[in-house]
Amino acid sequence: MNITLHHYLFLAFFIFLVGFISSLIAKQVIKILISIEFMLIGININFIALNSFCDSLNVTGYIFGLFSVAIGAAELAIGLFLFNIMYSKKTSENVQDYRAL
Amino acid sequence: METSLIFYTISFFILAFLVIFIIVKKVFHSLIASIFVFVSAGFIFFLLGTEYNAIIQIAIYGVAVPIILGLSIMFNQESKDKIFQNLLGNINYYIATISFLLLLLSLYLLIARSPSFFIFNIQNFSIYNNTPNLISLTLFNNYILQFELVSILLTIAVVGFSLFNKEVNK
(Lines give C-alpha, C1' and ligand atoms only; values in the text may rest on other atoms or scores of the structure.)
Protein backbone atom coordinates (compact mmCIF):
# COMPACT_ATOMS: atom_id res chain seq x y z
CA MET A 1 0.00 0.00 0.00
CA ASN A 2 1.44 3.34 -1.04
CA ILE A 3 1.55 6.26 1.34
CA THR A 4 -0.10 9.24 -0.31
CA LEU A 5 -0.21 12.93 0.49
CA HIS A 6 -3.46 12.46 2.39
CA HIS A 7 -1.79 10.24 4.98
CA TYR A 8 0.74 12.94 5.82
CA LEU A 9 -1.91 15.67 5.82
CA PHE A 10 -4.11 13.65 8.17
CA LEU A 11 -1.16 13.02 10.51
CA ALA A 12 -0.29 16.73 10.48
CA PHE A 13 -3.92 17.65 11.14
CA PHE A 14 -4.09 15.27 14.09
CA ILE A 15 -0.86 16.63 15.61
CA PHE A 16 -2.13 20.20 15.16
CA LEU A 17 -5.50 19.30 16.68
CA VAL A 18 -3.93 17.63 19.72
CA GLY A 19 -1.64 20.63 20.22
CA PHE A 20 -4.56 23.04 19.92
CA ILE A 21 -6.79 21.13 22.35
CA SER A 22 -3.92 20.60 24.78
CA SER A 23 -3.04 24.31 24.73
CA LEU A 24 -6.65 25.07 25.68
CA ILE A 25 -7.08 22.53 28.46
CA ALA A 26 -3.57 22.43 30.00
CA LYS A 27 -3.05 24.16 33.31
CA GLN A 28 0.75 24.34 33.47
CA VAL A 29 2.51 27.05 31.48
CA ILE A 30 5.28 24.76 30.22
CA LYS A 31 2.72 22.26 28.92
CA ILE A 32 1.00 25.05 26.98
CA LEU A 33 4.33 26.07 25.41
CA ILE A 34 5.03 22.46 24.33
CA SER A 35 1.50 22.27 22.86
CA ILE A 36 2.22 25.33 20.72
CA GLU A 37 5.36 23.54 19.47
CA PHE A 38 3.19 20.56 18.50
CA MET A 39 1.02 22.89 16.43
CA LEU A 40 4.14 24.19 14.70
CA ILE A 41 5.28 20.63 13.96
CA GLY A 42 1.92 19.91 12.34
CA ILE A 43 2.38 22.96 10.13
CA ASN A 44 5.94 21.88 9.29
CA ILE A 45 4.77 18.43 8.18
CA ASN A 46 2.21 20.14 5.93
CA PHE A 47 4.89 22.35 4.36
CA ILE A 48 7.28 19.50 3.71
CA ALA A 49 4.69 16.96 2.55
CA LEU A 50 3.15 19.42 0.08
CA ASN A 51 6.61 20.30 -1.24
CA SER A 52 7.60 16.65 -1.61
CA PHE A 53 4.42 15.49 -3.32
CA CYS A 54 3.36 18.53 -5.36
CA ASP A 55 6.55 20.34 -6.35
CA SER A 56 9.68 18.24 -6.16
CA LEU A 57 11.64 20.61 -8.43
CA ASN A 58 11.78 23.41 -5.84
CA VAL A 59 12.59 23.32 -2.14
CA THR A 60 10.49 26.29 -0.99
CA GLY A 61 8.47 24.22 1.50
CA TYR A 62 11.63 22.80 3.06
CA ILE A 63 13.03 26.30 3.56
CA PHE A 64 9.77 27.52 5.10
CA GLY A 65 10.02 24.54 7.45
CA LEU A 66 13.52 25.64 8.49
CA PHE A 67 12.33 29.21 9.17
CA SER A 68 9.39 27.86 11.15
CA VAL A 69 11.75 25.77 13.34
CA ALA A 70 14.01 28.79 14.02
CA ILE A 71 11.15 31.12 14.92
CA GLY A 72 9.41 28.43 16.98
CA ALA A 73 12.55 27.80 19.06
CA ALA A 74 12.99 31.56 19.66
CA GLU A 75 9.33 31.89 20.67
CA LEU A 76 9.67 29.01 23.12
CA ALA A 77 12.79 30.56 24.68
CA ILE A 78 11.06 33.94 25.11
CA GLY A 79 7.99 32.27 26.62
CA LEU A 80 10.10 30.29 29.08
CA PHE A 81 12.07 33.39 30.05
CA LEU A 82 8.89 35.33 30.81
CA PHE A 83 7.51 32.34 32.73
CA ASN A 84 10.65 32.10 34.88
CA ILE A 85 10.42 35.80 35.74
CA MET A 86 6.74 35.48 36.65
CA TYR A 87 7.43 32.27 38.59
CA SER A 88 10.01 34.02 40.76
CA LYS A 89 7.27 36.45 41.85
CA LYS A 90 4.26 34.18 42.24
CA THR A 91 5.84 30.68 42.66
CA SER A 92 3.00 28.95 40.84
CA GLU A 93 2.94 26.76 37.72
CA ASN A 94 -0.79 27.17 37.22
CA VAL A 95 -1.76 29.41 34.33
CA GLN A 96 -4.84 30.62 36.22
CA ASP A 97 -2.59 32.58 38.60
CA TYR A 98 -1.13 34.66 35.77
CA ARG A 99 -4.27 36.45 34.66
CA ALA A 100 -3.06 39.93 35.53
CA LEU A 101 -0.31 41.22 33.28
CA MET B 1 11.06 -2.69 4.85
CA GLU B 2 8.37 -0.79 3.00
CA THR B 3 7.59 2.90 3.39
CA SER B 4 4.04 2.18 4.52
CA LEU B 5 5.19 -0.01 7.40
CA ILE B 6 7.68 2.64 8.59
CA PHE B 7 5.06 5.39 8.24
CA TYR B 8 2.40 3.54 10.21
CA THR B 9 4.88 2.58 12.95
CA ILE B 10 6.13 6.16 13.38
CA SER B 11 2.57 7.54 13.23
CA PHE B 12 1.48 5.08 15.90
CA PHE B 13 4.35 6.24 18.14
CA ILE B 14 3.45 9.90 17.55
CA LEU B 15 -0.23 9.40 18.32
CA ALA B 16 0.49 7.24 21.37
CA PHE B 17 2.91 9.74 22.88
CA LEU B 18 0.57 12.64 22.10
CA VAL B 19 -2.16 10.88 24.07
CA ILE B 20 0.33 10.21 26.90
CA PHE B 21 1.31 13.91 26.80
CA ILE B 22 -2.29 14.96 27.39
CA ILE B 23 -3.13 12.31 29.99
CA VAL B 24 -0.04 12.65 32.21
CA LYS B 25 -0.37 15.30 34.90
CA LYS B 26 3.28 15.90 35.82
CA VAL B 27 5.12 18.32 33.56
CA PHE B 28 8.37 16.34 33.54
CA HIS B 29 6.61 13.21 32.29
CA SER B 30 4.83 15.13 29.56
CA LEU B 31 8.21 16.61 28.56
CA ILE B 32 9.60 13.09 28.07
CA ALA B 33 6.56 12.15 25.96
CA SER B 34 7.04 15.30 23.88
CA ILE B 35 10.70 14.36 23.16
CA PHE B 36 9.48 11.14 21.52
CA VAL B 37 6.97 13.14 19.43
CA PHE B 38 9.65 15.62 18.29
CA VAL B 39 12.11 12.86 17.31
CA SER B 40 9.39 10.85 15.54
CA ALA B 41 8.45 13.97 13.55
CA GLY B 42 12.10 14.10 12.47
CA PHE B 43 11.78 10.55 11.14
CA ILE B 44 8.64 11.61 9.24
CA PHE B 45 10.71 14.35 7.58
CA PHE B 46 13.31 11.74 6.70
CA LEU B 47 10.59 9.64 5.08
CA LEU B 48 9.53 12.68 3.06
CA GLY B 49 13.02 12.92 1.58
CA THR B 50 14.39 15.92 3.49
CA GLU B 51 17.32 14.72 5.55
CA TYR B 52 18.34 18.33 6.23
CA ASN B 53 15.04 19.22 7.90
CA ALA B 54 15.05 15.91 9.76
CA ILE B 55 18.49 16.56 11.28
CA ILE B 56 17.53 20.14 12.20
CA GLN B 57 14.28 18.92 13.74
CA ILE B 58 16.00 16.25 15.84
CA ALA B 59 18.89 18.55 16.85
CA ILE B 60 16.73 21.52 17.87
CA TYR B 61 13.44 20.01 19.02
CA GLY B 62 14.77 16.63 20.12
CA VAL B 63 17.82 17.84 22.05
CA ALA B 64 18.07 21.63 22.56
CA VAL B 65 14.47 22.51 23.36
CA PRO B 66 13.98 19.64 25.89
CA ILE B 67 17.21 20.71 27.65
CA ILE B 68 15.87 24.29 28.00
CA LEU B 69 12.49 23.01 29.14
CA GLY B 70 14.07 20.54 31.58
CA LEU B 71 16.24 23.29 33.08
CA SER B 72 13.19 25.50 33.40
CA ILE B 73 11.31 22.72 35.23
CA MET B 74 14.30 22.10 37.51
CA PHE B 75 14.47 25.79 38.43
CA ASN B 76 11.01 25.48 39.90
CA GLN B 77 11.62 24.42 43.46
CA GLU B 78 8.22 22.77 43.86
CA SER B 79 8.66 20.22 41.14
CA LYS B 80 12.40 19.65 41.71
CA ASP B 81 12.03 17.45 44.77
CA LYS B 82 9.16 15.47 43.27
CA ILE B 83 11.14 14.62 40.13
CA PHE B 84 14.09 13.25 42.04
CA GLN B 85 11.82 11.34 44.41
CA ASN B 86 10.11 9.74 41.43
CA LEU B 87 13.35 8.93 39.63
CA LEU B 88 15.21 7.44 42.57
CA GLY B 89 12.55 6.11 44.89
CA ASN B 90 9.94 4.72 42.55
CA ILE B 91 10.20 1.11 41.43
CA ASN B 92 8.52 1.95 38.11
CA TYR B 93 11.77 3.62 37.05
CA TYR B 94 13.70 0.35 37.37
CA ILE B 95 10.97 -1.60 35.58
CA ALA B 96 11.03 0.94 32.73
CA THR B 97 14.85 0.71 32.46
CA ILE B 98 14.81 -3.09 32.35
CA SER B 99 12.05 -3.15 29.73
CA PHE B 100 13.96 -0.62 27.61
CA LEU B 101 17.09 -2.80 27.76
CA LEU B 102 15.01 -5.85 26.81
CA LEU B 103 13.57 -3.89 23.87
CA LEU B 104 17.09 -3.01 22.69
CA LEU B 105 18.17 -6.66 23.05
CA SER B 106 15.17 -7.90 21.07
CA LEU B 107 15.85 -5.30 18.35
CA TYR B 108 19.47 -6.47 18.14
CA LEU B 109 18.38 -10.11 17.86
CA LEU B 110 15.83 -9.18 15.17
CA ILE B 111 18.47 -7.37 13.14
CA ALA B 112 21.01 -10.17 13.59
CA ARG B 113 18.55 -12.89 12.58
CA SER B 114 16.88 -11.18 9.61
CA PRO B 115 18.95 -8.31 8.19
CA SER B 116 16.92 -8.18 4.97
CA PHE B 117 13.93 -6.90 6.99
CA PHE B 118 15.83 -3.69 7.72
CA ILE B 119 16.76 -2.79 4.15
CA PHE B 120 14.72 0.38 3.68
CA ASN B 121 12.79 0.83 0.46
CA ILE B 122 11.91 4.50 0.90
CA GLN B 123 9.96 6.38 -1.75
CA ASN B 124 12.18 8.78 -3.68
CA PHE B 125 10.62 12.24 -3.90
CA SER B 126 13.28 14.58 -5.20
CA ILE B 127 14.77 14.30 -8.67
CA TYR B 128 18.01 15.58 -7.15
CA ASN B 129 20.19 13.27 -5.12
CA ASN B 130 21.70 16.04 -3.05
CA THR B 131 18.85 17.80 -1.23
CA PRO B 132 20.96 19.68 1.39
CA ASN B 133 23.06 21.17 -1.41
CA LEU B 134 19.92 22.33 -3.21
CA ILE B 135 18.43 23.77 -0.01
CA SER B 136 21.56 25.79 0.72
CA LEU B 137 21.76 27.07 -2.86
CA THR B 138 18.09 28.18 -2.82
CA LEU B 139 18.42 29.65 0.68
CA PHE B 140 21.42 31.81 -0.18
CA ASN B 141 20.21 32.80 -3.63
CA ASN B 142 16.47 33.40 -3.34
CA TYR B 143 15.83 33.71 0.41
CA ILE B 144 18.89 35.60 1.62
CA LEU B 145 16.81 38.57 2.89
CA GLN B 146 14.50 36.33 4.93
CA PHE B 147 17.50 34.42 6.26
CA GLU B 148 19.12 37.65 7.45
CA LEU B 149 15.84 38.83 8.97
CA VAL B 150 15.55 35.63 11.02
CA SER B 151 19.15 35.96 12.18
CA ILE B 152 18.50 39.60 13.21
CA LEU B 153 15.36 38.48 15.06
CA LEU B 154 17.32 35.84 16.99
CA THR B 155 20.06 38.38 17.84
CA ILE B 156 17.46 40.86 19.09
CA ALA B 157 15.92 38.11 21.23
CA VAL B 158 19.29 37.26 22.84
CA VAL B 159 20.20 40.92 23.48
CA GLY B 160 16.67 41.58 24.76
CA PHE B 161 16.96 38.68 27.23
CA SER B 162 20.11 40.09 28.78
CA LEU B 163 18.78 43.68 28.94
CA PHE B 164 15.45 42.56 30.37
CA ASN B 165 17.21 40.35 32.91
CA LYS B 166 19.29 43.33 34.06
CA GLU B 167 16.16 45.40 34.56
CA VAL B 168 14.46 42.60 36.49
CA ASN B 169 17.48 42.12 38.77
CA LYS B 170 17.58 45.86 39.53
Side-chain angles (χ1 to χ4, degrees), chain A residues 1-3 7-8 10-12 14-15 18-19 21-22 25-31 33-35 37-38 40-42 44-45 47-49 51-53 56-67 69-78 80-85 87-88 91-93, chain B residues 2-4 6-8 11 14-15 18-19 21-22 27 30-31 34 37-38 41 44-45 47-50 52-53 56-57 60-61 64-65 68-69 71-73 75-79 123 125-128 131 134-135 137-139 142-143 146-147 150-151 153-154 157-158 160-161 164-165 168:
Chain A
M1 182 183 172
N2 281 332
I3 299 297
H7 291 83
Y8 289 102
F10 183 75
L11 179 68
F14 193 84
I15 294 174
V18 168
I21 292 171
S22 178
I25 64 171
K27 288 180 180 174
Q28 293 100 340
V29 178
I30 294 176
K31 220 169 170 178
L33 287 171
I34 299 174
S35 308
E37 298 303 315
F38 285 156
L40 282 175
I41 284 178
N44 266 347
I45 292 176
F47 274 138
I48 292 171
N51 194 147
S52 294
F53 279 94
S56 57
L57 289 176
N58 295 316
V59 288
T60 314
Y62 302 163
I63 290 169
F64 268 79
L66 289 177
F67 284 139
V69 166
I71 301 224
E75 163 255 319
L76 181 82
I78 292 169
L80 275 178
F81 180 71
L82 291 175
F83 166 65
N84 280 331
I85 291 170
Y87 185 84
S88 63
T91 61
S92 170
E93 288 181 350
Chain B
E2 291 298 323
T3 311
S4 56
I6 304 171
F7 175 80
Y8 284 125
S11 302
I14 288 178
L15 302 186
L18 279 174
V19 172
F21 173 82
I22 292 182
V27 188
S30 43
L31 173 66
S34 70
V37 176
F38 291 145
I44 288 284
F45 293 162
L47 271 185
L48 282 166
T50 64
Y52 196 73
N53 286 63
I56 296 273
Q57 170 77 22
I60 292 181
Y61 278 120
V65 165
I68 298 171
L69 286 167
L71 283 175
S72 176
I73 293 169
F75 281 143
N76 303 338
Q77 198 60 40
E78 278 183 1
S79 53
Q123 190 177 354
F125 287 101
S126 178
I127 58 165
Y128 306 103
T131 316
L134 187 66
I135 287 176
L137 278 175
T138 315
L139 192 64
N142 302 339
Y143 293 96
Q146 289 85 342
F147 182 77
V150 168
S151 62
L153 180 75
L154 293 176
V158 171
F161 282 164
F164 196 59
N165 205 15
V168 167

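Chain naming here is simple, since letters A, B, ... match the order of the sequence lines and numbering starts at 1 in each. Note that this is a predicted model, so its numbers are computed, not measured.
Of the two parts of B:I60, only the side chain, counted from C-beta on, holds a non-hydrogen atom closer than 4.5 Å to a non-hydrogen atom of chain A. Residue A:I63 touches chain B through its side chain alone, counting heavy-atom pairs closer than 4.5 Å. When heavy atoms are compared at a cutoff of 4.5 Å, A:I48 approaches chain B by way of both its backbone and its side chain. Using a 4.5 Å cut-off between heavy atoms, B:Q146 touches chain A through backbone and side chain atoms alike. Within the 4.5 angstrom heavy-atom criterion, atoms from both the backbone and the side chain of B:L69 approach chain A. With a 4.5 angstrom heavy-atom cutoff, B:F161 touches chain A via backbone and side-chain atoms both. Residue B:L154 touches chain A through its side chain alone, counting heavy-atom pairs closer than 4.5 Å. Heavy atoms of B:F21 lying under 4.5 Å from chain A belong to its backbone as well as its side chain. For chain B, the nearby part of A:I71 is the side chain; its heavy atoms alone come within less than 4.5 Å.
Aromatic ring centres of A:F38 and B:F38 lie closer together than 6.0 Å. Ring pair A:Y62/B:F45: centre-to-centre distance not below 6.0 Å.
Classification of the A:F67-A:F64 ring pair by plane angle, with boundaries at 30° and 60°, yields perpendicular. Between A:F53 and A:Y8, the ring planes are tilted. Angles from 30° to 60° get that label.
For the options A:A77, A:G19, A:G65, heavy-atom pairs under 4.5 Å to chain B are most numerous at A:A77. Across B:A157, B:S4, B:S30, B:A41, the residue that shares the most heavy-atom pairs under 4.5 angstrom with chain A is B:S4. Ranked by heavy-atom pairs under 4.5 Å with chain B, the first of A:N51, A:I25, A:L82, A:T60 is A:T60. Of the listed residues A:A74, A:A12, A:S22, the one with more heavy-atom pairs under 4.5 angstrom with chain B than any other is A:S22. Among B:T138, B:V158, B:T50, the residue with the largest count of heavy-atom pairs under 4.5 Å with chain A is B:T50.
With hydrogens and angles disregarded, a donor-acceptor distance shorter than 3.5 Å links the side chain of B:S34 to the backbone of B:L31. Within the 3.5 Å criterion, the main-chain N or O of B:L48 finds a donor-acceptor partner in the side chain of A:S52.
Looking at B:I68 and A:L76, their side chains never come closer than 4.5 Å, going by heavy atoms from C-beta outward. At a threshold of 4.5 Å between non-hydrogen side-chain atoms, the residues A:N44 and B:N53 do not count as touching. Inter-residue side-chain proximity for B:I44 and B:I14 is flagged as met; some heavy-atom pair is nearer than 4.5 Å.
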